[in-house]
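Below, chain A is the first sequence line, B the second, and so on; all start at residue 1.
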2 protein chains.
Amino acid sequence: MLLQIDVNSEEALYTQLANQIRYGIARGYLQPDDPLPSVRNLASELGINMHTVSKAYNKLKEEGIIIINRSKGVRISSKVFADRKTGYETILEEKIRQLVSQSICNGIGEKRFLGVVENVFKKMRSGE
Amino acid sequence: MLLQIDVNSEEALYTQLANQIRYGIARGYLQPDDPLPSVRNLASELGINMHTVSKAYNKLKEEGIIIINRSKGVRISSKVFADRKTGYETILEEKIRQLVSQSICNGIGEKRFLGVVENVFKKMRSGE
DNA sequence: ATAGCTGTTATATTATACATAGAACAACAA
DNA sequence: TTGTTGTTCTATGTATAATATAACAGCTAT
């Protein structure tokens, strides 16, 4: 799978990387048990530092999305789609509350907001 | 309207403050042309620095949500609910894409995601 | 065994963002 | 004139992000 980074983005590099991997999983480009490149190889491909890749991997590891094994490498967790109920829905609701507040202040109401969400899901199912 | 800040949160103070004001507008607790406290007064109430409040206010000003007038003070924009079409929907879609990716990786599908969104709107209409 | 690959750990440096503090300024109101 | 408004300036301390080397421990294949 193609991963790319925008060094001019305001978003932190390791966050961009983690997002891209989650996105790849959500679209089905990355599947359970699929291997990921080593920290050194991916860093080299992207032209960034090894530790930055390592930081992204460890963030995903904490979320239970990938499995890191010293000497075996990194792979997508076989239970990646399982409902791990780690209180994620509470975090999600708070983030959505912020997005909804901001949307209302920008003239975007419930119908239009739901339309954007459905559109994102549709694109995701069709693989972009 | 009551504004409060959690100094132990990972979220930056000025971001929390901006979020609370947007949230207050979305719920109707703050209405167009309503005045906001001065940077010094609000900072004093919240126990934080004047410049932190100023930073939050300027962020909202850039979003077209509030009007800042040197010597007259700060108030909610009369056009706060207008569709300013400043490309906000593009930003919204990208943020939703990230949230949806993460949700899928946590076992939350489209139905459940839409349910959370609808629930947030419902709470917002009923005023919390 | 040795060479090569894994992720990890440690130390160090640079840059940026966040939050604070105090002071002074210009615009307006009472 | 006095007081309030937001703004600007300088300064400091802390935290995070990203980089760079270097070494380490676990495993695999030659």
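Linking Ile, Leu, Val, Met, Phe, Trp and Tyr whenever their side-chain heavy atoms come within less than 4.5 Å puts A:Ile21 and A:Ile68 in one cluster.
At C:dC5, none of the side-chain N or O atoms of A:Ser38 fall inside 4.0 Å of OP1 or OP2 (strictly under the cut-off). In this structure, B:Tyr14 reaches the C:dC18 phosphate: one of its side-chain N or O atoms is under 4.0 Å from OP1 or OP2. Note on A:Asn69: every side-chain N or O is 4.0 Å or more away from OP1 and OP2 of D:dG26. The phosphate of C:dC18 has neither OP1 nor OP2 within less than 4.0 Å of any side-chain N or O from B:Asn49. Between B:Thr52 and C:dT20 there is a side-chain N or O to OP1 or OP2 distance below 4.0 Å. Under 4.0 angstrom from either OP1 or OP2 of C:dA29 there lies no side-chain N or O belonging to B:Lys72. Phosphate proximity of C:dC5 to A:Asn41: absent, as no side-chain N or O sits under 4.0 Å from OP1 or OP2.
Side-chain rings of A:Phe121 and B:Phe113 approach one another, their centers coming within less than 6.0 Å.
Scanning atom types as modelled, no donor and acceptor separated by under 3.5 angstrom connect the side chain of B:His51 and the base of D:dG6.
Closest to the side chain of A:Arg70, from the set D:dA17, C:dC18, C:dT6, is C:dT6. Out of D:dA18, C:dA27, D:dT8, the shortest distance to the side chain of A:Leu13 is found at D:dA18.
Stacking of B:Arg27 on the aromatic ring of B:Tyr23 is recorded, both the 6.0 Å distance cut-off and the 45° axial limit being met.
No side-chain N or O of B:Gln102 forms a donor-acceptor pair with one of B:Gln98 less than 3.5 Å apart.
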